[in-house]
Protein chains: 2
Amino acid sequence: MSGLLYAIGEVSRITGLSVKALRLYQEKGLLLPSRVDPSSGYRYYTERDIAQAHTLRALRDLRLSLEEIRGVLEELDQGASLSEHLTKVRARLADEAASAQRSVLALDTLLRHQEQAEAYLRAPPPLLERWLPGMRVAVHRARGRYSDASQVFPRLLAACGPKVGGAPFCLYHEAEYREDDADISWCVPLPPGARPEGVQVEELPEVQAATLVHTGPPDSVGPSWARLFAHLHAHERIPAVPLRETFLRVGANEAVSSSWRTELALSWEAKHGG
Amino acid sequence: MSGLLYAIGEVSRITGLSVKALRLYQEKGLLLPSRVDPSSGYRYYTERDIAQAHTLRALRDLRLSLEEIRGVLEELDQGASLSEHLTKVRARLADEAASAQRSVLALDTLLRHQEQAEAYLRAPPPLLERWLPGMRVAVHRARGRYSDASQVFPRLLAACGPKVGGAPFCLYHEAEYREDDADISWCVPLPPGARPEGVQVEELPEVQAATLVHTGPPDSVGPSWARLFAHLHAHERIPAVPLRETFLRVGANEAVSSSWRTELALSWEAKHGG
DNA sequence: CCTTGACTCTCCCCCAGGGGGAGACCGCCA
DNA sequence: TGGCGGTCTCCCCCTGGGGGAGAGTCAAGG
């Protein structure tokens, strides 16, 4: 029979959902008490309702919004495949997690470089959207870490001869931050007609990107990257690889932070069928 | 002189902050326009105001709340050390990131084990807070991965002889999830008086923990762990290591998911001076 | 039967961080 | 002088509830 009825306070104690939350879920149609006394308005819940409440709680603990929970509950009721809604939720949460993680890394940078941080916060560099022109580059692609630049660029520059077509840059082919083992292309733009030997040459297409010029040593770019990602996010654009760091001015010394100048460029995915 | 004044729409275009947001920041005292026309109410901003707006924007992009931004701005104005506020913000964001990351891992589990997922969502296991009793255990601690259990436990059990004091369990000494290279203790409870040879013996203290019994193969525990973390978070408790997985029933086959039963236990830090 | 204390009801205001829109001014150019 | 775009204030909306006021209810004990 299981005709047992539970008052709202008991359900709250059993499920760990607050009384306020239970009333809200009723109002939203997510969890209807099986019986509501017409004269007193008291809510009474059955065992089945409590099971539903537990489900709801499990989903809420996974940080689903009430709307998302509604979708999953309906799919559960109809025995449809869960994957449709859950895949979207996963994407949203992965986005959230990545964003928070980037902010943490950026804050670590700010905390490590105190004076740098004050300068950055007092006058954060302007953010511009522009087209990065297509160009021909000498390129060396490998897995490694940023600091390999000091070995790679001299080799590339030597192969290119005395004239180059612009500031050297790196392309990062994965969006996640990784200390080492990143998939990097080191690139040197070539002047028209140049035919360097012993290096690979590639033609890069033009691409639209959000860009800013960061001032400071190489390991202080975190907050600037976070800004670029936040900018795209605010405009509902999906960041695309590769990320580009162009070394406009390279300092001899990490201590003289203003002697470093790096342009960061983040492009985004073209709209599908747009 | 830079006596140039900018109307709110221009500032919005320059900084990327919406007009609504700019008015809100004024109301909250975060960004006051240098001049407000007394008769028309029009807001006019100077270059300095715009610099401040850029700072504000950079901080907002780092996911700081307006209250946190207020704190940082005041410290910037007074030239005090930034680290005080920023350290707190970092902690908050790291917490957020970890929570979202756990949810993503849990959702991945649910998507991988479809039927498992439905069973879990239809009847999520009850969550209990209880005291894990202190006990004497035979223990082998090493870096490795969960699946090493099939090698380690037979060795431990052989050393303990025919009688053991309870179900074997693992202790994870780091809170972050890692596929391999986790710091794990494999433990077998000992009956009173037992003196096994060739293995290390330890005395575990009793500890209070949030626990639940998960049904399903070992790689499906993600959502259950996420629930435990969310439970502690809701009660403003800080999770503590080690995490414990007690193997109540071990299935021969991953396919028969209901043949696996694992109790997860998450303890928390004692209140300081509480 | 009455009281008492613990529950529960509805209703309203509050939080962050703004978005959307109505209706009324304002500024500047032709 | 008209028009058009920018701006003003004011109000309601979103999420996921929390806090509390004032009134009604339930069950047990005297």
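Every chain is numbered from 1 and lettered A, B, ... according to where its sequence line falls, protein lines coming before strand lines. The model shown is predicted, which means the values in this text are computed figures rather than measured ones. These values consider heavy atoms only, across backbone and side chains, with no hydrogens, waters or symmetry-generated copies.
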Subject >> Spacing between A:Leu5 atom CG and C:dT8 atom C1', to the nearest angstrom >> reply: 16 Å
Original post:
For B:Glu10 and C:dG27, what is the distance between atoms CD and C1' respectively, to the nearest whole Å?
Top reply: 12 Å
Original post:
According to a strict under-4.0 Å criterion, is A:Ser40 in side-chain N/O contact with OP1 or OP2 of C:dT8?
Top reply: no
**OP:** Scan side-chain atoms only and decide if B:Glu245 and B:Trp225 contain a donor-acceptor pair under the 3.5 Å cut-off.
**Re:** yes
**OP:** Could you tell me the separation between the CG atom of B:Asp37 and the C1' atom of D:dT9, rounded to a whole number of Å?
**Re:** 15 Å
**OP:** Check whether any side-chain N or O of B:Arg227 sits under 3.5 Å from a backbone N or O of B:Pro125 as a donor-acceptor pair, and report yes or no.
**Re:** yes
**OP:** Would you kindly give the OH-to-C1' distance between B:Tyr45 and D:dG6, to the nearest whole Å?
**Re:** 14 Å
Original post:
Between D:dT7 and B:Arg43, is there an OP1 or OP2 to side-chain N/O distance shorter than 4.0 Å?
Top reply: no
Original post:
In residues 21-28 of chain B, which residues come under 4.0 Å of DNA chain C by heavy atom?
Top reply: B:Ala21, B:Leu24, B:Tyr25, B:Lys28
Original post:
Is any side-chain N or O of B:Tyr42 under 3.5 Å from a base N or O of C:dG27, one able to act as donor and the other as acceptor?
Top reply: no
Subject >> Pairs touching residues 5-21 of chain A that satisfy salt bridge (Lys or Arg N to Asp or Glu O under 4.0 Å), sequence neighbours left out >> reply: none
Subject >> No-hydrogen, no-angle side-chain donor-acceptor test under 3.5 Å, A:Arg60 and A:Tyr25 >> reply: yes
**OP:** Would you tell me whether A:Arg130 and A:Gln208 have side-chain atoms, one donor and one acceptor, within less than 3.5 Å of each other?
**Re:** no
Original post:
Any side-chain N or O of A:Ser39 less than 4.0 Å from the OP1 or OP2 oxygen of D:dT25?
Top reply: no
**OP:** To the nearest Å, give me how far apart CD1 (B:Ile8) and C1' (C:dG18) are.
**Re:** 13 Å
**OP:** Check for a donor-acceptor pair, side chain of B:His231 on one end and backbone N or O of B:Leu127 on the other, with a separation under 3.5 Å.
**Re:** no
**OP:** Residues of residues 56-74 of chain B with any non-hydrogen atom less than 4.0 angstrom from an atom of DNA chain D: list those, numerically ordered, please.
**Re:** none
Original post:
What about B:Lys20, does its side chain sit under 3.5 Å from the base of C:dG17 through a donor-acceptor pair?
Top reply: no
Original post:
So does A:Glu115 have more than 12 non-hydrogen atoms from other groups sitting under 6.0 Å from CD?
Top reply: no
**OP:** Taking only Lys NZ, Arg NE, NH1 and NH2, and the carboxylate oxygens of Asp or Glu, determine whether A:Arg70 and A:Glu74 approach each other closer than 4.0 Å.
**Re:** no
Original post:
Taking the side chain from B:Asp49 and the backbone from B:Pro33, do they hold a donor-acceptor pair closer than 3.5 Å?
Top reply: no
